[in-house]
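Chain letters run A, B, ... following the sequence lines, proteins first and then strands; every chain starts at 1. Every value quoted in this text rests on a predicted model; they were computed, and no experiment measured them.
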2 protein chains.
Amino acid sequence: MATLGDVAARAGVSISAVSRVLSDAPDSRVSAATRERIVDAARELNYRPNFAGRALKSARTQVVGLVVPDITNALFTELMHGAEDEATERGYTVLLGRSDDVRPGGEVIARLIGEGRVDGMALQVGDAVQPAGLRDLLTAQAPIVLVNSSIPGHVGSVTLDDHHGALIATQHLLELGHERIAFANGLPRSFTAKRRRTGYKLALAGARVRVPKEYETRIGYTVDNGRTALHRLMALDPKPTGVVVANVNAAVGLLGEARKAGIRVPEDLSVVTVHDSWTAENTWPPLTAVKMQFYTVGRTAVRSVIRRIETGETSDEVVTDPPPELVIRESTASPRSA
Amino acid sequence: MATLGDVAARAGVSISAVSRVLSDAPDSRVSAATRERIVDAARELNYRPNFAGRALKSARTQVVGLVVPDITNALFTELMHGAEDEATERGYTVLLGRSDDVRPGGEVIARLIGEGRVDGMALQVGDAVQPAGLRDLLTAQAPIVLVNSSIPGHVGSVTLDDHHGALIATQHLLELGHERIAFANGLPRSFTAKRRRTGYKLALAGARVRVPKEYETRIGYTVDNGRTALHRLMALDPKPTGVVVANVNAAVGLLGEARKAGIRVPEDLSVVTVHDSWTAENTWPPLTAVKMQFYTVGRTAVRSVIRRIETGETSDEVVTDPPPELVIRESTASPRSA
DNA sequence: ATGAAAGCGCTAACAA
DNA sequence: TTGTTAGCGCTTTCAT
């Protein structure tokens, strides 16, 4: 790989002149002729700035880490695209990582920052594991912005409007005439689950609808959790006629299990999920869903991290624009009694 | 962040002594007492080696890039885990990227290597886009190992046993008594599609079964492609009684469309897919699938990249162990005429 | 307008 | 056994 020295030699100028031109410093102080010779030489040698050299000198990598519990979860697709678009526009690169990494000595997050591989990061901690060594980093004021999650005392976060999302989903069922509306939620300790819960309750309260406490399950967000939730809910008396599922993966599981149990959707049970993804379109029946704005969350999170890196400012933001959006498909209908 | 100098000062020794101890050189040539002082000091200061410093000096990053067309495709989950496990065992880190990145000036792959962000990479090129600048890199002998894909003339690859996978899927339908077996394949130019095609044909030939040429569609691997394939196939006369789908996403689409068209699976049409993933378990009916060994491919690819980096050796490998594995669910049955 | 030189954190060859 | 030193590629201050 060609270095600045190589380019300088070829152009017959000094290294510093080349540096000034190629790192497009605002004031490069070189004559047009020199500049042209340098640019030509760089192109001919296919020069690219060495990452390590630049990072070492400037103590900046221009890289932000994006660490989520499960990279391959369809939900994160948009988040990543948003993050990458924002980063690219601002001259940064995104480094992807998983936060569920608990392998011995792993502590991915601590390493990313501690070894100077990234300047800062957007981090979504899972509901299960609290990554090792995180506490230290947070107290050490590392430029970390939390995404859709929280750690007591940490400042700097970007979250979805979960509350509003669950509210819209619940209102959709109410408008269809349902009153026995259940809620298949995530684990009680889950940050997002708490917020979605509020939206659900508020919607019911707003319509003066009361449901038994057992109508809310708090099992989790996985496909299997959704399956379990279905059994739990359909064993109740009276059975719910509609269910809001707090996560699309759980909704897929719940739907599959309903079919297995001979429960027809939407005739016997309406299902609406918070979160949309390509999987929701391809179930049978296709799932009515509330699309959450992950793309914007990704953009906002990266913007927030960069601001933190460059100016030191922190903020806690909730993405409300654009708002969550109801996508009506075929898994919801009016209850049969109505 | 603490540097070697900080640790040295605290331990009252020279920087090089610290370096020798902490980079666990086989022959660190220090007394037990000194070593202990150094280790203690490092722990107290929470020392971590600076990535850029080390990379600049050694001209090695100990990072391998893993670049695939779609990071969030469920198919790649196992591949990534395999890659990460292998990398971790060998003291490397995996850097994830997308190969479908065609944004202006993007050329992710060229940058990753050209700027020295990675020492080498495992690359799966999509069927659609040939990433920009790739040709140059390959001819420049960059340590790149292709995964499940090919570029004319390039040496160094790790591929699945696609041929065998499609063969097993087809044989499953044959054993159930099907003879009118269709094949919903990927695009003609797709590397994997060509190989799966061979397996399908060989299985038919082995059973002395002949089918019309139109029984093979070559539309693509997406959900929508699968939907299209269903219509194409069910418009034929005679209709197939079974179909091998070359990709699980396409199979999900094909299945959904069958339901919409009132075609019952498996009564009217058996569906078996090459590839297994969590989505295949959650369709209705759950999809019979041939599980391909992506985990092993990931491991093998990273091992191959590292060997290439460290010794310069190249190889073209096909992962045959463990072999593809048939997972029978509920989307296949004997044809009704049988 | 251009160049010389210092130094970021680290490793390794060499000296003591 | 321990320390000194050069230099990886780059940016930036300071001379010229």
Whole angstrom value for the distance that separates P of C/dC10 from CG of B/L22: 9 Å
Any donor-acceptor N or O pair under 3.5 Å, side chains A/Y92, A/D119: no
Can you give me the N/O atom pairs linking the protein to nucleotides 6-9 of chain C at distances under 3.5 Å, or say none if there are none?
{"residue": "C/dG7", "atom": "N2", "partner": "A/K57", "partner atom": "NZ", "Å": "3.1"}
{"residue": "C/dC8", "atom": "O2", "partner": "A/K57", "partner atom": "N", "Å": "3.3"}
{"residue": "C/dG9", "atom": "N2", "partner": "B/G53", "partner atom": "O", "Å": "3.1"}

Under 3.5 Å donor-acceptor, B/T88 side chain and B/E84 backbone: yes
Distance in angstrom units between A/R60 CZ and D/dC10 C1', rounded: 16 Å
Donor on one side chain, acceptor on other, B/S16 and B/S19, under 3.5 Å: no
Close N/O contacts between protein and nucleotides 13-16 of chain D (under 3.5 Å):
none

B/T192 versus B/S190, side-chain donor and acceptor atoms under 3.5 Å: yes
Pair B/R303-B/E310, salt bridge (Lys or Arg N to Asp or Glu O under 4.0 Å): steps then yes or no: CA-CA 11 Å; B/R303 188 179 323 128; B/E310 296 181 349; over 6 Å; no
Earlier contact from the 5' end, DNA chain D, for A/I15 and B/T34: B/T34
Distance, rounded to the nearest Å, where A/E36 contributes CD and C/dA1 contributes C1': 17 Å
Donor on one side chain, acceptor on other, B/S157 and B/D316, under 3.5 Å: yes
Salt-bridge contact A/R308-A/E313 (side-chain N to carboxylate O under 4.0 Å): no
Note: A/D40-A/R37 ion pair, threshold 4.0 Å (strictly below): no
Rounded distance (Å) that lies between atom C1' of D/dC8 and atom CZ of B/F51: 14 Å
C/dT11 OP1/OP2 closer than 4.0 Å to side-chain N/O of B/S19: yes
